[in-house]
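Below: the structure, in structure tokens.
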Amino acid sequence: VLAVCLLSEGQRLYLHWSHKTGIVVTLAFSVTATAILSDLWSKEWKTLLLSLQVTAPFLHVAAVALMAILSWPIALHFFRMNKKVRQVAVLGLYLSVLFFLYLVPLGMYSPCIKEAGTLGPAPTLIGHRGAPMLAPENTVMSFEKAVEAGGEGLETDVTISYVTQATDGHRVLCDFILLVVEQPQGSDKRKGKEKGEREGKYQSENISTNLYVISQPWLYTLAWCAGAQSVTTNSIHILSNINKPLFLMTEDMSETVSEVHPLLSAR
């Protein structure tokens, strides 16, 4: 940012050899660290891509605004350059980024871009083993905390065996909860990464969907926009306070951004 400001004022960057060495070392360290973290956190990258379904429209707006702000400094630096090769390089890079931003809406999918009035009700909150963030899980206190926080259901992770005894050492609290017998391990549990189209298909067939386990507000927002009927969560006390999706954009607003983008970049 400082370099862009100096260049916009016609100041040349006179870097000492130590500065150049530091920049090279920093870049090399950043590339190496990114490669290592990408390998260690390979599964987390899927979560990052999933989060883009929620944040992509707003990141696109921020990118458009940033390019509009940078247009004047880049234009001043362009006209102050003496070599045409550098002028072509700077202009080509800037136009390439603008062209990429033009094409982003064509490949952007977000269930949080909806027509006004089409957002469904908030998903029902089901406490995963009660409220494990407020009390020891699978205890009466945990179940009570979940109900007090606004939970409308409880999921205990307790399985009934053929001899009608609760496995894993848990007691069956029949006087407090309705125990739901689960399928054996390995059964397909619907995850938050399912597409909104599939949720809509289930809803049209009168099939309720429960996403398991959702504890982050942004992921709860994605489930809400996608049309999930309920979510199993560890943080009922947090999600129950969300009155509307954190990231929600109407289709009219999205179209307005796409129309204003060429005007901002042209100016």
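Only heavy atoms go into these numbers, but all of them, side chains included; no hydrogens, no water, no symmetry mates.
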The criterion is side chain to side chain contact (heavy atoms under 4.5 Å, CB included); which residues satisfy it with [X], sequence neighbours excluded?
X	answer
Leu27	Ile23
Val90	Ile74, Met81
Ile126	Glu155, Asn210, Ser230, Thr232
Glu152	Thr124

Is the backbone N or O of [Y] less than 3.5 Å from a side-chain atom of [X], with the two atoms forming a donor-acceptor pair by type?
X	Y	value
Glu137	Arg129	no
Ser110	Ala56	no
Tyr94	Met67	yes
Asn241	His237	yes
Ser235	Ile238	no

Single-linkage hydrophobic cluster, 4.5 Å side-chain cutoff, [X] and [Y] together:
X	Y	result
Val88	Leu93	no
Leu70	Phe79	yes
Trp17	Val24	no
Leu125	Leu134	no
Ile69	Leu98	no

Quick check: closest heavy atoms across [X] and [Y], and the distance to 0.1 Å?
X	Y	value
Leu154	Ala146	CD2-CB, 3.8 Å
Pro111	Gln53	CD-OE1, 3.8 Å
Ile214	Ala223	CD1-CB, 3.9 Å
Leu246	Pro217	CD1-CB, 3.5 Å
Cys112	Thr221	SG-CG2, 4.0 Å
Trp218	Ser51	CZ3-CA, 3.4 Å

pair [X]-[Y]: side-chain heavy atoms closer than 4.5 Å:
X	Y	value
Glu144	Val140	yes
Cys225	Pro245	yes
Tyr220	Thr233	no

So if I apply the side-chain contact (heavy atoms from CB on, under 4.5 Å) rule between His128 and each of Asn138, Asn234, Ile236, Val231, which one comes out positive?
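In the set Asn138, Asn234, Ile236, Val231, the residue that makes a side-chain contact (heavy atoms from CB on, under 4.5 Å) with His128 is Asn234.
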Q. Side chain to side chain contact (heavy atoms under 4.5 Å, CB included) between His60 and Val64: does it pass, once the steps are laid out?
A. CA-CA 6 Å; His60 183 243; Val64 171; 4.1 Å; yes
Separation between OH (Tyr102) and CG (Leu95), nearest 0.5 Å, reads 8.5 Å
Residue set satisfying side chain to side chain donor-acceptor pair (under 3.5 Å) with Thr55, at least two apart, ordered chain then number -> none
(Q) Suppose we screen for side chain to side chain donor-acceptor pair (under 3.5 Å). Which residues come up paired with Ser18, at least two apart in sequence or across chains? (A)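 For Ser18 the side chain to side chain donor-acceptor pair (under 3.5 Å) partners, ignoring immediate neighbours, are His16.
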Check the pair Leu59 / Leu52 against side chain to side chain contact (heavy atoms under 4.5 Å, CB included), numbers first and verdict last.
CA-CA 9 Å; Leu59 292 177; Leu52 290 178; 3.9 Å; yes
